[in-house]
Visitor: 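Let me give you the structure first, and then I'll get to my questions.
Counting convention: from 1, in listed order, for ligands and their atoms alike.
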Amino acid sequence: MLVENNVPLQQYNTFGIVAKAHTLVRAHSVDDVRALIASPDLAGQPVFVLGGGSNIVITGDVKPVVLKMEIKGLRLAGETDRAWIVEAGAGEVWHEAVAWTIAQGYPGLENMALIPGTVGAAPVQNIGAYGVELQDRFDSLDAVDLATGKTFTLNAAQCAFSYRDSIFKHAPSAAGEYSDLPRGMGLAGRAVITHVRFRLPKQWKPDLGYADLERKMAESGITEPTPRQIFDWVCEIRRAKLPDPVVIGNAGSFFKNPTVTEYQCTDIIAREPKIVHYPMPDGSIKLAAGWLIDACGWKGKSIGKAGVYEKQALVLVNRGNGEDSVTGGEVMTLAKAIQTSVYERFGIRLEPEPVVV
Ligand code: EPU
């Protein structure tokens with residue numbers, strides 16, 4: 001376990017916000033996590049788990065102990081008649097893990113290529129793209145209880161996945177064993193994910209029910225794409241419309257796509273016939289937050305050094321750089337202004353996706 005003090009965090013968050021961690025601990029193994037918990041100086045202190053820093057807005061120096069997960073490893077952990085079970089260390093870069101599975105011939109993660117962040121962060125917000133979510137390919141994960149050092153394993157049901165959400169995003173409650181935690185009894189700040197296992201189908205079928213991918217297929221003339229082909233298409237689509245955090249700081253989609261009832265949607269469509277909406281299996285309707293923000297005229301606008309990306313209004317970007325970077329306060333001011341205008345025009349409350357630290 002390596003403990004550092006006053007550590008600059010700019011290179012550890014994809015927004016590129018300037019801030020410091022009072023204390024930062026790097027964990028390369030489960031034993032490193034246990035050493036933190038057992039350390040006389042650090043035991044019992046609040047902990048903030050940092051993965052790739054791709055889904056956070058830092059609004060000041062971080063006082064909780066920052067636990068930077070650097071556990072590596074990619075392996076075939078098992079197989080059944082129907083699936084390969086692949087295990088990845090929480091500190092693996094997500095995209096590299098996806099690329100490794102494709103190279104090894106274990107398909108299933110290709111639609112989620114190029115999502116920034118680490119493997120350990122993927123279940124926290126149940127990442128997803130182009131019609132596939134982590135929960136669709138998830139087998140189980142290992143985590144360490146930050147109070148006791150005990151290791152435990154959760155299956156998909158126990159993770160309580162939903163759209164960009166899991167048990168790891170919710171504040172803990174005093175009661176409850178992990179196995180039966182009802183919704184709302186969260187593990188945020190209480191446990192750290194160390195390994196994730198994916199269940200990758202041997203009878204693979206492409207997931208193409210997404211407009212951008214259908215367009216790629218039509219353009220290429222390929223009717224039976226391979227996992228590698230879809231992986232490449234997804235990378236091309238993302239590179240064309242999402243900013244590369246290495247070049248322009250950002251945290252991906254800044255708001256969740258809101259869900260409304262069919263009744264509310266009929267009302268909104270009557271007023272806004274062009275609104276982009278998707279019917280969900282449960283009868284509710286998901287609206288494209290990017291379209292709502294765009295319709296309010298925000299695309300390309302800025303407040304201070306916080307901007308709305310020119311090609312995708314759902315992505316807020318850092319228009320500064322180096323020491324002169326955007327602050328978390330500026331990002332949140334812009335986010336609030338966007339929320340207000342979307343609410344005033346559509347009566348819809350947008351919910352931020354990143355964690356505000
Ligand atoms: N749109 C606009 N104007 C905009 C942005 C979008 O009109 O400025 C319209 C698009 O034309 C499209 C619709 O809104 O008809 C949806 O846009 P897009 O296909 O880009 O997807 P999204 O719903 O904005 C979601 C995820 C992304 C994921 C893509 C592809 C959320 C919050 N975001 O974006 O995930 O890559 O679908 O599956 O669910 C992320 O979570 O960080 C992320 C990037």
Visitor: Under a 4.5 Å cut-off applied to non-hydrogen side-chain atoms, are Asp165 and His170 in contact?
Guide: yes
Visitor: Can you confirm, on distance only, whether ligand 1 has an N/O atom lying under 3.5 Å from any N/O atom belonging to Lys256?
Guide: no
Visitor: Could you tell me, atom by atom, which parts of ligand 1 come under 4.0 Å of a heavy atom of Ala288?
Guide: 13 (C), 14 (O), 16 (C)
Visitor: Which atoms from ligand 1 have a heavy atom of Gly252 less than 4.0 Å away?
Guide: 42 (O)
Visitor: When you measure from atom 24 (O) of ligand 1 to every protein heavy atom, which one gives the shortest distance, and what is it?
Guide: Gln312 NE2, 2.8 Å
Visitor: Do the ring planes of Trp84 and Tyr106 sit parallel (below 30°), tilted (30 to 60°) or perpendicular (above 60°)?
Guide: tilted
Visitor: Quick check against the 3.5 Å criterion: does Thr333 have a side-chain atom that pairs as donor or acceptor with the backbone of Gly329?
Guide: yes
Visitor: Which atoms of ligand 1 have any heavy atom of Phe255 under 4.0 Å away?
Guide: 32 (C)
Visitor: Show the atoms of ligand 1 that are less than 4.0 angstrom away from any heavy atom in Leu314.
Guide: 24 (O), 32 (C)
Visitor: Which residue supplies the protein heavy atom nearest to atom 3 (N) of ligand 1, what is that atom called, and how far is it?
Guide: Asp294 OD2, 2.8 Å
Visitor: Before signing off on this row, confirm whether Tyr278 and ligand 1 have an N or O atom pair separated by under 3.5 Å.
Guide: no
Visitor: For Tyr130, run the ring-ring contact (aromatic ring centres under 6.0 Å, His included) check against Phe231, Trp233, Tyr210 and tell me which one passes.
Guide: Tyr210
Visitor: At what distance is the nearest protein heavy atom to atom 38 (O) of ligand 1, and which residue and atom is it?
Guide: Tyr130 N, 2.6 Å
Visitor: Quick check on contacts: which atoms of ligand 1 are under 4.0 angstrom from a heavy atom of Lys241?
Guide: 18 (P), 19 (O), 20 (O)
Visitor: Quick test: of every protein heavy atom, which one is nearest to atom 26 (C) of ligand 1, and how far off is it to 0.1 Å?
Guide: Arg164 NH2, 3.5 Å
Visitor: Should you measure from each heavy atom of Glu353, which atoms of ligand 1 turn up under 4.0 Å away?
Guide: 32 (C), 40 (C), 41 (O), 42 (O)
Visitor: When you measure from the side chain of Ser166 to the backbone N and O of Val124, does any donor-acceptor pair fall under 3.5 Å?
Guide: yes
Visitor: State yes or no: are the ring centers of Phe138 and Phe161 separated by less than 6.0 Å?
Guide: yes
Visitor: Pick one of side chain, backbone, both or neither for how Lys311 approaches ligand 1, counting any non-hydrogen atom pair under 4.0 Å.
Guide: neither
Visitor: Is the backbone of Glu236 close enough, under 3.5 Å, to the side chain of Lys216 for a donor and an acceptor to pair up by distance?
Guide: no
Visitor: Nearest non-hydrogen atom to atom 21 (O) of ligand 1 belongs to which of Phe254, Tyr309, Tyr210, Trp291?
Guide: Tyr210
Visitor: At a 4.0 Å threshold, what atoms of ligand 1 neighbour a non-hydrogen atom of Ala129?
Guide: 36 (O), 38 (O)
Visitor: Say whether, by atom type as modelled, one donor and one acceptor occur between the side chain of Glu330 and the main chain of Thr327 under 3.5 angstrom.
Guide: yes
Visitor: Would you find a donor on one side and an acceptor on the other, under 3.5 Å apart, between the side chain of Gln135 and the backbone of Asn126?
Guide: no
Visitor: Just so I know, are the side chains of Leu146 and Val192 near enough to count as touching, which here means a heavy-atom distance under 4.5 Å?
Guide: yes
Visitor: Please check whether Ala313 reaches ligand 1 - meaning an N/O of the residue sits under 3.5 Å from an N/O of the ligand, judged on distance alone.
Guide: yes
Visitor: Around atom 15 (O) of ligand 1, find the nearest protein heavy atom and jot down its residue, atom name and distance.
Guide: Val276 CG1, 3.6 Å
Visitor: Is there a protein heavy atom at a distance of less than 4.0 Å from atom 10 (C) of ligand 1?
Guide: no
Visitor: What atoms of ligand 1 come within less than 4.0 Å of a heavy atom belonging to Arg238?
Guide: 36 (O), 44 (C)
Visitor: Please determine which of Lys311, Lys299, Arg345 meets the salt bridge (Lys or Arg N to Asp or Glu O under 4.0 Å) test together with Asp294.
Guide: Lys299
Visitor: Donor-acceptor check, side chain of Asn13 to backbone of Ile17, threshold 3.5 angstrom: yes or no?
Guide: yes
Visitor: Among protein heavy atoms, which lies nearest atom 25 (C) of ligand 1, and at what distance?
Guide: Asn257 ND2, 4.1 Å
Visitor: When you measure from atom 39 (O) of ligand 1 to every protein heavy atom, which one gives the shortest distance, and what is it?
Guide: Tyr163 OH, 2.7 Å
Visitor: Could you say whether the N/O atoms of Ser253 and ligand 1 ever approach to under 3.5 Å?
Guide: yes
Visitor: Taking atom types as modelled, is there a side-chain donor on Ser325 or Gln10 under 3.5 Å from an acceptor on the other?
Guide: yes
